[in-house]
> 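Would you mind keeping the following structure in view while I ask a few things?
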Protein chains: 2
Amino acid sequence: MDKRDHLGEFEQLVLLGILRLGNDAYGMTIRREIETRTRRTTSIGALYLTLERMEEKGLIRSELGEATAERGGRAKRFFTVNPSGREALKQSLHRLRRMAEGHFPVPEVI
Amino acid sequence: MDKRDHLGEFEQLVLLGILRLGNDAYGMTIRREIETRTRRTTSIGALYLTLERMEEKGLIRSELGEATAERGGRAKRFFTVNPSGREALKQSLHRLRRMAEGHFPVPEVI
DNA sequence: CGCTAATAGTCTACAATGTAGAACATATCG
DNA sequence: CGATATGTTCTACATTGTAGACTATTAGCG
């Protein structure tokens with residue numbers, strides 16, 4: 001029931017970032033997406049560490065992309081949200097919604 | 001700009017709980033509100049510690065109520081959300097909204 | 001070629017938040 | 001009084017969040 005699947009605030013943002021980037025979600029783009037949309041700075045280390053931890057928990061998965069294309073270029077590591085990650089996000093937003101409703105219009109989730 | 005005012009997930013829930021309880025927000029009721037609305041268990045220690053920390057940060061304030069009324073009863077400590085707490089909550093939900101919009105219908109904040 | 005700039009990811013150390021549960025306080029009721 | 005109910009404090013530790021230096025890899029250019 002209470003599977004200790006609580007997501008931190010940053011984890012929520014990262015999951016949402018991956019979802020919105022679709023098949024182009026890797027470290028750099030996820031970071032850019034979060035910074036431009038939320039106007040909040042993030043350190044690259046914080047991001048990768050969070051990705052790492054969420055992958056260990058099975059919320060997301062990653063696969064190395066082939067070589068590169070443009071200028072600089074180390075192989076990219078693309079991230080995808082797993083069903084359990086989607087579920088955790090859904091639950092997390094749902095809890096927030098239940099607490100906010102009636103006071104703060106809150107999001108319908110998924 | 002980026003005042004490191006990031007709220008954790010639990011902090012968001014606690015702030016919302018206080019807001020929704022109005023003038024009857026104290027430890028026990030806040031806890032009950034969160035548990036019944038989100039179906040998530042909380043330890044009493046976690047709650048008070050979070051309240052303590054948010055008060056130190058100036059997000060909320062508290063005042064001791066007079067004696068009691070019913071059965072058992074130690075003096076209650078009532079909590080109120082300060083303007084800065086309201087603002088932090090607003091910003092926090094806004095960030096989430098910006099990341100979710102287009103994918104997850106998200107809350108209009110305040 | 002060999003160097004520099006550009007893009008991307010790893011590692012380490014530490015701060016802030018989250019979680020539990022026992023202990024303590026205080027009042028009512030029988 | 002002692003058992004019971006309500007409420008808060010304290011202590012110890014786990015999980016998340018944050019930074020920034022460091023490493024890796026490739027394109028462009030003299």
Side-chain angles (χ1 to χ4, degrees), chain A residues 2-15 17 21 24-35 38 40-57 59-60 62-79 88 92 95, chain B residues 2-15 17 21 24-35 38 40-57 59-60 62-79 88 92 95:
Chain A
D2 200 289
K3 312 160 69 73
R4 196 79 350 70
D5 61 351
H6 302 159
L7 298 175
E9 186 202 37
F10 192 48
E11 290 180 315
Q12 294 176 330
L13 298 182
V14 173
L15 284 176
L21 286 164
D24 191 42
Y26 61 96
M28 300 292 113
T29 51
I30 296 172
R31 183 191 196 188
R32 195 180 319 136
E33 186 76 7
I34 292 178
E35 295 204 333
T38 69
R40 134 179 188 160
T41 62
T42 62
S43 75
I44 192 65
L47 175 59
Y48 279 105
L49 198 46
T50 296
L51 286 167
E52 201 73 41
R53 289 166 180 167
M54 288 202 289
E55 183 159 28
E56 270 165 27
K57 291 195 285 181
L59 300 177
I60 61 178
S62 70
E63 60 182 316
L64 241 33
E66 72 274 24
T68 39
E70 294 107 72
R71 186 52 186 282
R74 178 172 172 174
K76 291 164 183 160
R77 194 171 150 203
F78 293 99
F79 292 88
S92 190
R95 279 192 284 268
Chain B
D2 201 289
K3 313 159 71 72
R4 196 80 346 74
D5 61 351
H6 302 161
L7 298 175
E9 185 201 37
F10 191 48
E11 289 180 315
Q12 295 176 330
L13 298 181
V14 173
L15 283 175
L21 286 164
D24 191 42
Y26 61 97
M28 298 293 112
T29 52
I30 296 173
R31 182 190 197 189
R32 194 180 319 137
E33 187 76 6
I34 293 178
E35 295 204 332
T38 70
R40 136 180 187 157
T41 62
T42 62
S43 75
I44 193 64
L47 175 60
Y48 278 105
L49 197 47
T50 294
L51 286 168
E52 201 73 42
R53 289 167 180 165
M54 289 201 289
E55 183 159 30
E56 271 165 27
K57 291 195 286 182
L59 300 176
I60 60 178
S62 70
E63 60 182 316
L64 240 34
E66 72 272 23
T68 38
E70 296 106 70
R71 185 55 185 281
R74 179 173 170 173
K76 290 164 185 160
R77 193 171 151 202
F78 293 99
F79 293 88
S92 189
R95 278 192 286 269

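Just so it is clear: chains get the letters A, B, ... in the order the sequence lines come, proteins before strands, and each one is counted from 1.
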> Using whole Å, report how far CD1 of B:Ile34 lies from P of C:dG18.
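Nearest whole value for this atom pair: 11 Å.
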> Looking across every strand, which nucleic acid part, if any, lies under 4.0 Å from A:Glu52 by heavy atom: base, sugar-phosphate, or nothing?
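Result for A:Glu52 = nothing.
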> Return the value, rounded to whole Å, for the distance between atom CD of B:Glu9 and atom C1' of D:dT15.
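After rounding, the reported distance stands at 12 Å.
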> Between the base of D:dG17 and the side chain of A:Arg53, is there a donor-acceptor distance below 3.5 Å?
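Present.
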> Hey, does the side chain of B:Arg77 come within less than 4.0 Å of C:dA25's phosphate (OP1/OP2), counting only N and O?
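No.
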> Roughly how far apart are A:Thr42 OG1 and A:Arg32 CZ, rounded to 0.5 Å?
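The OG1 atom of A:Thr42 sits 11.5 Å away from the CZ atom of A:Arg32.
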> Which residues satisfy the side-chain hydrogen bond (donor to acceptor under 3.5 Å, both in side chains) test with B:Thr38, sequence neighbours excluded?
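Residues passing side-chain hydrogen bond (donor to acceptor under 3.5 Å, both in side chains) with B:Thr38: none at all.
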> Look at all strands and tell whether B:Leu7 reaches a base, only sugar-phosphate, or nothing, counting heavy atoms closer than 4.0 Å.
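B:Leu7: no heavy atom of the nucleic acid under 4.0 Å.
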> Between N or O atoms, less than 3.5 Å apart, protein on one side and nucleotides 20-23 of chain D on the other: list the pairs.
from: D:dG20; atom 1: O6; to: A:Gly45; atom 2: N; distance (Å): 3.3
from: D:dT23; atom 1: O2; to: A:Arg74; atom 2: NH1; distance (Å): 3.3

> At less than 4.0 Å, is any side-chain N or O atom of A:Arg31 found next to OP1 or OP2 of D:dT18? Yes or no.
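The answer is no; no side-chain N or O of A:Arg31 sits under 4.0 Å from OP1 or OP2.
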> Who are the side-chain contact (heavy atoms from CB on, under 4.5 Å) partners of B:Phe78, not counting sequence neighbours?
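So B:Phe78 forms a side-chain contact (heavy atoms from CB on, under 4.5 Å) with B:Asp24, B:Tyr26, B:Lys76.
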> Go through the structure and list residues passing side-chain contact (heavy atoms from CB on, under 4.5 Å) with A:Thr50, not counting sequence neighbours.
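Residues passing side-chain contact (heavy atoms from CB on, under 4.5 Å) with A:Thr50: A:Phe10, A:Glu11, A:Val14, A:Met54.
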> How long is the gap from CZ on A:Arg31 to CG on A:Leu51, to the nearest 0.5 Å?
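Spacing of CZ (A:Arg31) from CG (A:Leu51) equals 12.0 Å.
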> Grab the CG-C1' distance between A:Leu49 and C:dA13 for me, whole Å please.
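That distance rounds to 11 Å.
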> How is A:Phe10 classified with respect to the nucleic acid when contacts are heavy atoms under 4.0 Å: base, sugar-phosphate, or nothing?
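A:Phe10: backbone/sugar contact only, no base atoms under 4.0 Å.
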> Can you name the residues that form a side-chain contact (heavy atoms from CB on, under 4.5 Å) with A:Leu49, not counting sequence neighbours?
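Scan of A:Leu49 (side-chain contact (heavy atoms from CB on, under 4.5 Å), adjacent residues dropped) gives A:Arg53.
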> So, does B:His6 get its side chain near the phosphate of D:dT18, meaning an N or O under 4.0 Å from OP1 or OP2?
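Yes, B:His6 has a side-chain N/O under 4.0 Å of OP1/OP2 on D:dT18.
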> List the residues meeting side-chain contact (heavy atoms from CB on, under 4.5 Å) with A:Ser43, not counting sequence neighbours, and say none if there are none.
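Once residues adjacent in sequence are excluded, the partners of A:Ser43 under the side-chain contact (heavy atoms from CB on, under 4.5 Å) criterion are A:Ala46.
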> Just N and O in the side chain of B:Lys57: are any of them under 4.0 Å from OP1 or OP2 of C:dA16?
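For C:dA16, neither OP1 nor OP2 has a side-chain N or O of B:Lys57 closer than 4.0 Å.
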> Take the protein atom CG of B:Leu64 and the nucleotide atom P of C:dA25, then report the distance between them rounded to whole Å.
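It is 15 Å, rounded to the nearest whole Å.
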> Report yes if a side-chain nitrogen or oxygen of A:Tyr48 is closer than 4.0 Å to either non-bridging phosphate oxygen (OP1 or OP2) of C:dC11; otherwise report no.
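Checking A:Tyr48 against C:dC11: no side-chain N or O falls below 4.0 Å of OP1 or OP2.
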